[in-house]
Structure formats: C-alpha cells, structure tokens
Amino acid sequence: MSLSRTDVQDPGAREGAGILESRLTGLSREDFARDVWGRTASLTREANDFSDVFSPSAVDELISRRGLRTPFLRVAKDGATLPSSSFTAPAGVGATVADQLDDTALWRAFADGATLVLQALHRTWEPVADLVSGLSTELGHPVQANAYVTPPQNRGFDAHYDVHDVFVLQIEGAKRWVIHEPVLPDPLRDQPWTDHRAAVADRAAHGTPHLDTMLRPGDVLYLPRGWLHSAQAQGEVSIHLTLGVHAWTRYALAEHLTRAALAALGDDPSMRRSLPLAEEEPNGTDAVLDLVRERLLAAVAEADPAPLFHRARRSQARPAPLGPVAQLAALSGLVTTSPVRLRKALEPRLEGTRLFTRVGYLDFPASDLVPVARLLDGQVRTAGDLGLALAGRLLRAGVLVPADR
C-alpha cells in the first residue's frame with residue numbers, strides 16, 4: 001500500500017485525526033488496524049514534514065552538548081557494532097564519568113563510514129518523546145524511538161528482522177530499503193533473528209524482495225515484526241527515525257493467565273503436597289499428574305490475568321516528565337481555584353478503593369472515590385473541585401500536576 005502526497009492531506013485539515021492518520025500513514029486507526037497492522041509492509045510517500053520532531057542539528061546537539069552516556073548511543077560499521085570504549089571518554093573536571101560520548105572519536109568514526117545510532121530518544125529529545133507518547137496511547141502498545149545517522153554510500157546493519165513493529169520516518173537524505181517477507185512470522189521477543197541467521201541470509205540473498213525502494217524526507221515505512229530489511233544511504237548523509245512498537249501478544253496474555261492460575265494453585269494446600277516416594281507408589285506420579293492437570297485447567301478457567309497484565313503494561317513505559325521545582329511551587333501555592341489535571345501517561349486503573357499508576361498506588365476513603373474517578377478522564381479540574389486536601393495529596397504523590405505545565 002502506497003499513498004502519494006495527494007492522498008495525505010495536511011494534518012491541520014483533519015481536525016481530531018490521530019497521529020497515525022495525520023503524521024504517519026494517512027489512514028484512520030480503524031483502517032490501519034484492519035488492512036495493515038501486523039499484516040504487511042506499508043509505504044506512505046511524503047506523509048509529513050518531520051523537521052519539528054528531529055533534524056541534523058538535533059543529532060549534533062545530542063552528541064556534542066548533552067553529555068549522553070552509553071547505551072544512549074551505539075556505533076555500527078560493515079554490519080557489526082563497535083565497542084563502546086572506542087567512542088567514549090571521561091568528560092573532564094566535575095564530570096569524570098568514564099562512559100560519556102566523545103564527540104571527536106564519533107566524528108572520526110562517522111567520517112570513516114560508521115553509522116551512529118541514537119537510542120531511546122523518547123527519553124532524551126522532547127519532540128520525539130511527545131510523538132512517542134501520543135502514538136503509544138493511540139495504539140495501546142509501548143513505543144520507543146531510535147535514530148540512525150548514516151554517512152553517504154554506507155550501510156549500518158546486515159539484513160535482519162526486529163521482534164517489534166517499526167515505523168521508519170525518513171528525516172534527511174535518501175536511503176534504499178530492501179524488504180523481504182518473514183522467515184519466522186510474528187517472532188516473540190525471545191526469538192531474535194540471530195536464531196535464524198542462515199534462513200535470513202538465504203532469503204535476503206536469493207528471495208524476491210517484497211519492496212525495493214528509496215525513502216526520502218517525509219516518507220514513512222511500516223514493517224510488522226519479523227519482516228526482513230536492510231538499508232543503505234545514497235550520496236548524502238541519511239537520518240531516519242525508527243519508532244519501535246513493542247506489541248503485546250496473545251502469548252504474553254497467556255503468560256499472565258498462567259501466572260495468575262499458578263498463584264491460585266499456590267493457595268491450595270493439596271497442590272503444595274510432596275510427590276509420593278517411588279517405592280511407596282510405583283505408578284503414583286501418573287495419577288498425581290492427572291490430578292495436577294485437572295486442577296491447573298480449572299485454575300486457568302477461573303484466573304483473572306488483568307491485574308498482572310495491567311501491572312506489566314504500566315512497567316513498560318514512564319509517565320510524562322515531572323519537574324520538582326514547578327511541582328513544589330504548585331503544591332505551595334495551592335488554592336481552590338488552582339487548575340490541575342492528571343499527569344499524562346500514568347496508565348491509571350482504579351480497582352475498588354485503590355488507584356494503580358506508573359508511580360505506585362494510593363488507597364482512598366470512600367468519600368474520595370467520586371472525585372478520583374472524575375480525574376481519570378484527563379480533563380482540567382480545580383483544586384476546589386477535588387478538595388484541597390485530596391488535591392494536595394495527589395500533587396505530592398506525583399499523580400496530579402498543575403494544568404498550566
């Protein structure tokens with residue numbers, strides 16, 4: 001599926017459109033889910049101008065002025081990753097941490113044909129963080145961001161597949177991408193491409209590409225996990241941003257269901273009993289196995305994996321940034337008219353009288369449950385709406401933030 005510029009309207013013309021539609025694919029979330037998600041590679045030409053998200057100057061600033069340390073950057077050349085000791089060094093008086101990026105060493109490696117990979121940009125570059133947070137909320141799956149900076153006529157990595165879906169946003173320059181269908185469809189996180197190295201190499205060398213195309217600024221390529229890909233820069237520096245979507249799977253849900261069932265079996269005294277001695281009951285193990293299987297199936301049928309699953313979801317990302325100075329000022333100056341709202345990306349879940357979030361849980365008296373439940377819609381409230389005591393408690397816990405921040 002490929003869209004031209006005439007198919008993708010200006011984002012401002014589609015008020016209320018999500019990130020998928022307005023910035024990445026031109027498709028609504030419903031259309032993307034039905035026709036593309038997890039099914040096939042998809043190329044959208046000139047999807048957007050991403051200069052507000054990332055740029056060459058952002059690369060230079062991150063490498064030379066932000067004091068980044070490994071593993072926020074790795075370096076690759078000729079398909080191999082270089083040791084971090086080759087591009088890190090202490091930063092001098094007052095900053096003697098030994099693994100900070102050495103911009104001189106990185107410049108020399110880059111000039112010699114190495115690709116620079118800026119990792120976890122959703123933690124180090126605010127415009128990328130905002131895009132990732134919004135996309136993660138829209139998709140319902142965790143999202144991370146890396147940038148690949150490749151000098152002219154060079155490649156960073158051999159053909160491989162990822163164990164997460166990716167959106168590739170071409171930022172600068174041009175890069176040729178060769179895409180092949182999977183050798184292992186929908187790989188899990190513990191099924192990396194190196195486990196199928198020979199099959200991947202054979203498919204890349206002898207298989208017919210599903211897509212062989214040039215990405216230019218504004219183009220967006222979507223690849224489901226497992227799809228083979230390799231890329232090579234052309235006659236100028238290429239910068240692309242990869243948004244990695246770590247999709248929750250049915251297998252992951254099965255894991256949490258099983259854990260919930262095992263937790264229930266741990267509360268059953270009969271399941272904690274020791275197995276019989278071999279001399280006591282020669283065929284006793286078979287009978288016990290039948291019993292255990294029966295009890296396990298019953299426990300799975302009755303188990304509720306939701307608490308474990310939601311806890312895992314909360315652990316996969318961080319909440320929106322929180323400034324301690326601004327937060328203290330809001331707490332100190334709190335009055336009934338102070339505008340406040342729920343901190344973004346908290347993954348809040350109210351279960352009975354307990355509110356679970358990415359920053360911990362809080363228990364509430366019954367009298368506070370109605371205003372706490374109202375907060376979950378993310379709308380701006382006043383401290384007076386909630387009650388000053390409750391608003392102050394939530395600000396102190398880092399759950400509530402001033403609405404003007």
Side-chain angles (χ1 to χ4, degrees), residues 20 29-30 32-34 37-39 122 132-144 162-166 184-192 195 224-226 243-273 275 288-320 342-364 366 369 372-373 375-378 397-399:
L20 275 173
R29 184 173 64 173
E30 293 74 18
F32 180 80
R34 183 188 63 242
W37 171 248
R39 291 175 172 82
H122 55 289
V132 163
S133 178
L135 182 61
S136 178
T137 299
E138 188 171 332
L139 296 178
H141 297 271
V143 181
Q144 61 152 114
D162 294 319
V163 294
H164 50 266
D165 296 50
V166 297
L184 178 68
D186 299 323
L188 299 174
R189 296 181 190 181
D190 60 354
Q191 296 174 322
D195 290 350
R225 55 197 164 99
L243 309 181
V245 185
H246 293 254
W248 290 106
T249 65
R250 295 177 180 180
Y251 183 87
L253 186 57
E255 285 184 314
H256 289 92
L257 184 61
T258 304
R259 289 173 188 165
L262 290 174
L265 290 180
D267 293 331
D268 182 348
S270 68
M271 297 301 293
R272 298 199 300 266
R273 292 178 58 186
L275 293 177
V288 172
L289 181 59
D290 291 339
L291 173 64
V292 169
R293 182 179 287 113
E294 178 184 342
R295 295 286 178 86
L296 178 59
L297 290 174
V300 167
E302 297 174 2
D304 178 11
L308 288 174
F309 186 67
H310 286 290
R311 189 183 309 158
R313 284 175 61 94
R314 288 193 294 270
S315 70
Q316 290 296 308
R318 297 170 63 101
L342 193 71
R343 185 177 175 186
K344 293 181 179 179
L346 274 182
E347 283 283 334
R349 180 178 174 85
L350 187 60
E351 296 181 7
T353 60
R354 178 168 290 182
L355 177 67
F356 293 91
T357 74
R358 282 192 167 126
V359 294
Y361 67 83
L362 293 169
D363 291 314
F364 297 96
L369 292 180
V372 169
L375 274 175
L376 301 188
D377 64 8
V399 170

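Everything quoted here is computed from the prediction, not taken from an experiment. Position 1 is the first residue of the sequence, and the numbers go up from there. Basis for what follows: all heavy atoms, side chains included, without hydrogens, waters or symmetry-related copies.
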May I ask you to test the R311-F356 pair for a side-chain heavy-atom distance under 4.5 Å? no
If you take all heavy atoms of V359 and P319, which pair is closest and at what distance? CG1-CG, 3.9 Å
Are H122 and L135 side-chain neighbours, meaning at least one heavy-atom pair lies under 4.5 Å? no
Heavy atoms, side chains only, cut-off 4.5 Å: are W37 and H141 in contact? yes
Nearest atoms (heavy-atom pairs only) where L342 meets P348: CD2-CG, 3.8 Å
So how far is it from Q316 CD to R358 CZ, rounded to the nearest 0.5 Å? 8.5 Å
Which distance, rounded to the nearest 0.5 Å, do you find between the CZ of F309 and the CG of D304? 12.0 Å
Fit a plane to each ring of W248 and H256, take the angle between them on a 0 to 90° scale, and name the class: parallel (under 30°), tilted (30 to 60°) or perpendicular (over 60°). perpendicular
Would you call V292 and L265 a side-chain contact if the rule is heavy atoms closer than 4.5 Å? no
May I have the step-by-step check of side-chain contact (heavy atoms from CB on, under 4.5 Å) for L139 and L20, ending in yes or no? CA-CA 9 Å; L139 296 178; L20 275 173; 3.7 Å; yes
So which atom in G38 and which in D186 form the shortest heavy-atom distance, rounded to 0.1 Å? O-OD1, 4.2 Å
Starting at CG of D267, measure out to CG of L262 and round the result to the nearest 0.5 Å. 11.5 Å
Specify the closest pair of heavy atoms between L308 and A260, including all atoms of both residues, with the distance to one decimal. CD1-N, 3.7 Å
side-chain contact (heavy atoms from CB on, under 4.5 Å) with V132: of V143, V245, T137, only one passes, and it is V143
More than 12 heavy atoms from other groups under 6.0 Å of CZ on R349: yes
With sequence neighbours left out, what residues match R354 under side chain to side chain donor-acceptor pair (under 3.5 Å)? D363
Measure the shortest side-chain to side-chain distance between H246 and R189 over non-hydrogen atoms and say whether it is less than 4.5 angstrom. yes
Side-chain H-bond candidate by donor/acceptor type, S270 with R295, under 3.5 Å: yes
Under 3.5 Å donor-acceptor, S315 side chain and A312 backbone: yes
Stepwise, does the side-chain contact (heavy atoms from CB on, under 4.5 Å) test hold for L362 with T357? CA-CA 9 Å; L362 293 169; T357 74; over 6 Å; no
Heavy-atom nearest pair, P187 first then G226, reads CD-CA, 3.5 Å
Kindly compute the distance separating CZ (R259) from CD (E255), expressed to the nearest 0.5 Å. 5.0 Å
Has R39 got more than 12 heavy atoms of other residues, nucleotides or ligands less than 6.0 Å from its CZ? yes
Can you tell me if CZ on R273 sees more than 12 non-hydrogen neighbours from other groups inside 6.0 Å? no
What residues form a side-chain contact (heavy atoms from CB on, under 4.5 Å) with L275, not counting sequence neighbours? V288
Sorted by chain and residue number, the side chain to side chain donor-acceptor pair (under 3.5 Å) partners of D377 (sequence neighbours excluded) come out as R381
Are side-chain heavy atoms of V163 and L188 found at a separation under 4.5 Å? no
Please find the pair of heavy atoms, one from A247 and one from D165, that lie closest to each other, and give the distance. CB-OD1, 4.3 Å
